[in-house]
Amino acid sequence: MKKPSSKIREEIARLQEQLKSAETREAERIGRVALKAGLGEIEIDETELQTAFEELAGQFRGGKKGATGKNRAGSGTRDGVAAAKVETGATAGGAGEA
């Protein structure tokens, strides 16, 4: 009735491949949307961008303000997002003048 450890390892390896494929598909999808929105042209710190994405994800999860974002960024989560937006505008304006 019990599976031998070799079968379990094979199953784990197969599931890890499936996970890798699923993550790749998701990353490509999100990346395409981000590029269409113009995020590829913005110079922004990766931490600030991640905080903004976590805040956005929280809105789609039923209005709860990104629990993971709060844990990582503390009470300044909103300030981090605001800073990202300010930096975005400054960077976009600077790029247009060059």
Side-chain angles (χ1 to χ4, degrees):
M1 285 207 181
K2 292 188 177 186
K3 291 183 183 179
S5 60
S6 61
K7 292 287 185 184
I8 294 171
R9 283 188 190 93
E10 289 174 8
E11 189 174 339
I12 289 171
R14 183 179 52 80
L15 290 172
Q16 286 175 332
E17 256 328 291
Q18 287 179 0
L19 176 61
K20 183 178 176 183
S21 289
E23 287 176 339
T24 300
R25 283 191 310 272
E26 291 166 0
E28 289 173 348
R29 176 180 161 255
I30 292 168
R32 281 191 301 272
V33 172
L35 290 174
K36 286 179 183 178
L39 289 176
E41 301 167 7
I42 297 171
E43 291 184 32
I44 184 172
D45 180 61
E46 196 168 316
T47 304
E48 292 180 58
L49 184 59
Q50 181 175 349
T51 301
F53 276 136
E54 290 171 350
E55 188 77 17
L56 180 64
Q59 292 176 11
F60 284 97
R61 287 187 181 123
K64 295 180 181 176
K65 299 292 180 183
T68 56
K70 282 188 176 182
N71 290 341
R72 289 186 183 156
S75 62
T77 300
R78 289 185 182 168
D79 294 339
V81 173
K85 290 180 182 176
V86 171
E87 183 178 334
T88 299
T91 304
E97 295 173 10

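Between atom CZ of residue R25 and atom CD of residue E28 there is a gap of 9.5 Å, rounded to the nearest 0.5 Å. How far CD of Q50 is from CG of D45: 10.0 Å, rounded to the nearest 0.5 Å. Distance check, rounded to the nearest 0.5 Å: CD of E46 to OG1 of T51 gives 10.5 Å. Summarising the geometry, atom CD belonging to Q16 is positioned 10.5 Å from atom CD belonging to E23; distances are rounded to the nearest 0.5 Å. Between the CG atom in L49 and the CG atom in L39 there is a gap of 6.0 Å [rounded to 0.5 Å].
Side-chain contact of E55 with Q59: a donor-acceptor pair under 3.5 Å is absent, judged by distance alone.
Every residue was checked against the side-chain contact (heavy atoms from CB on, under 4.5 Å) condition with L35, not counting sequence neighbours, and none meets it. Taking the side chain to side chain donor-acceptor pair (under 3.5 Å) definition, one finds that S21 meets it with nothing, sequence neighbours left out. Considering only residues two or more places apart in sequence or on other chains, R29 meets the side-chain contact (heavy atoms from CB on, under 4.5 Å) condition with R32. Every side-chain contact (heavy atoms from CB on, under 4.5 Å) that L15 has, sequence neighbours left out, goes to E11, Q18.
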